[in-house]
There are 2 protein chains.
Amino acid sequence: MGKRQDNRDEKRKLIVDSARRLMQARATSDFSMRTLADVAGVSSATPYSLFGSKQAVIAAVMDTDFDNFTSALSAKPVIGLDIFFHMVDITVELFAANPGYYKKGALAIQAASDKALASHFGLPRHGLLRDFVRDAIQRGDINHRINADSFALTLGHQFYGWIQAWANGDIKLDDLSNRAKYGMSMALAAAATADVRDALMVQLLNFQDALPEAGAMAAIQTTAAMTTSANKKTTTNLSNNNSVKEALG
Amino acid sequence: MGKRQDNRDEKRKLIVDSARRLMQARATSDFSMRTLADVAGVSSATPYSLFGSKQAVIAAVMDTDFDNFTSALSAKPVIGLDIFFHMVDITVELFAANPGYYKKGALAIQAASDKALASHFGLPRHGLLRDFVRDAIQRGDINHRINADSFALTLGHQFYGWIQAWANGDIKLDDLSNRAKYGMSMALAAAATADVRDALMVQLLNFQDALPEAGAMAAIQTTAAMTTSANKKTTTNLSNNNSVKEALG
DNA sequence: AGCCTTATTGAAACGCGTCTTAATTTAACT
DNA sequence: AGTTAAATTAAGACGCGTTTCAATAAGGCT
């Protein structure tokens, strides 16, 4: 190990912590590497030397956050297939407690040109999901001819997509919850054994009723999309880095 | 209409055409507004005056492309639920014929901070999908208690997600096809009436067999993600705008 | 202790998307 | 035709993520 590595690790922690505080700071959608370096009290070249990119920094922040998820998940014992819906609930709760933070995280992951980073967000969750699917197969809730890996990937992929939609501001948190559960109950209903399929279909219809009119959403987006010209000459130059820096000391 | 509007429309077409050619040009991943303006022979401010943003330009390009999709789709008559898988096939064929072009398009849409733009890619397709779902419900292939809008949205959302994964370089075109069809057959199997469910489950298992090991993919991503430091000091400064401009005249 | 290697710094630079501004061209109207 | 309103231009600027590079600091080693 040696002192060299220790300092490196220390500075990594410092930067990740600063990044988290910066991401959690409200009223500012900007989170630039220059302000990060400033807040962390390091040179603007250091985060690049230690992480390589902005997305890698955010990925590191999100990594440390995975513990929150698993501990919240296991806080309450859940039986049967409900664990899948429970995962959605926990996620939504975390998002609700810190929306801006998770939005920035999700958007940064989404924008990741570096493929490896997307996995930081998805991979541990995939592992969890796959284990739950395996359990369900062993219990006999899910058809044994279903491949746990592929099924978990589809489940997680779908969930992840709705998270992105939420981070983009396309849907509300409630919709994220309902759409994710709707999709999950649909996939589960297909994969489930006959015994539990009916119950899943009932749930599916419940989630469907809770969903907003897709037509309404589409209509809103259409009219917005029709304004093809540049109508936003409103000078959105309100970003004020100094206020953030000072607030974080 | 008047000449003023005519000129405006003409210049819009000019820019959209130039943008398409630029996006189709291989060997260059860069497609900057400055080169676009250069190639189109207009000032770099004009695209902004006419479209508002880079994503709006790309959205306009993709808009004109939707006709390709629908005409290719209706070229061959398809019966029953196969239309959903046919949509995947057509999409994949188009993508295969012009990968770089569609990748850039999908990535630009993905990165759209302007929410309205994402709908340019998804909305017409949603309308198509919803109509197909409605047809299937009327035929009795899909349970009449399923809401066509919500179901179509889930179907399209899932497909869209795999497209993004492909555009990001996470999966190959073949996998895009199989994963999309796997997800579709899963959703359809849940929503389908009893008569067709079994056939869908058979298809589902076929697609599942065609899928690569999710574990393998995950492993690759993990090892890549482990290289947290900046290992890519390879000076990726090979972008040469001039060559593109000259190639396009 | 002194030397050597490695990490960090500061500052500048690049290319990007985008916006601004003043000047110029162009269409519309009287 | 001349005036007015609008679109287009050129040029520069801003902030961003990222990279480069010489100078400096700091740990490792003998």
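Sequence lines set the chain letters: A, B, ... in the order given, protein chains first and strands last, and positions in each chain run from 1.
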Nearest atoms (heavy-atom pairs only) where Leu14(B) meets Ala40(B): CD2-O, 3.5 Å
Whole angstroms only, please: what is the [atom1]-[atom2] distance between [X] and [N]?
| X | N | atom1 | atom2 | value |
| --- | --- | --- | --- | --- |
| Gln55(A) | dG17(D) | CD | P | 10 Å |
| Asp6(B) | dA7(D) | CG | P | 14 Å |
| Met33(B) | dA10(D) | CE | P | 16 Å |
| Leu36(A) | dC16(D) | CG | C1' | 14 Å |
| Ile15(A) | dT8(C) | CD1 | C1' | 11 Å |
| Lys11(B) | dT26(C) | NZ | C1' | 10 Å |
| Glu10(B) | dT26(C) | CD | P | 13 Å |
| Phe51(B) | dC19(C) | CZ | P | 15 Å |

Considering residues at least two apart in sequence or located in another chain, which fulfil the side chain to side chain donor-acceptor pair (under 3.5 Å) criterion with Asp17(A)? none
Side-chain N,O (Arg8(B)) to OP1/OP2 (dT8(D)) below 4.0 Å: yes
According to a strict under-4.0 Å criterion, is Asn7(A) in side-chain N/O contact with OP1 or OP2 of dG27(D)? yes
Identify which nucleotide among dG17(C), dT18(D), dT8(C) has an atom closest to any side-chain atom of Ser49(A), counting heavy atoms from C-beta outward. dT8(C)
Checking dC16(C), dG27(D), dT8(C) against the side chain of Ser32(B) (C-beta onward), the nearest is dC16(C)
Quick one: list whatever passes side chain to side chain contact (heavy atoms under 4.5 Å, CB included) with [X], sequence neighbours left out.
| X | result |
| --- | --- |
| Asp65(B) | Arg20(B), Asn68(B), Tyr101(B), Tyr102(B) |
| Ser44(A) | Ala37(A) |
| Ala187(A) | Phe151(A), Leu155(A), Met186(B) |

Residues passing the ring-ring contact (aromatic ring centres under 6.0 Å, His included) test with His157(A), sequence neighbours excluded, are Trp162(B)
Within the sub-3.5 Å range, which N or O atoms of nucleotides 10-13 of chain C have a protein N or O partner, and how far apart are they?
| residue | atom | partner | partner atom | Å |
| --- | --- | --- | --- | --- |
| dG10(C) | N7 | Ser43(A) | OG | 3.3 |
| dA13(C) | N6 | Arg34(A) | NH2 | 3.2 |

Does Ser74(A) use its side chain to pair, donor to acceptor, with the backbone of Thr70(A) at less than 3.5 Å? yes
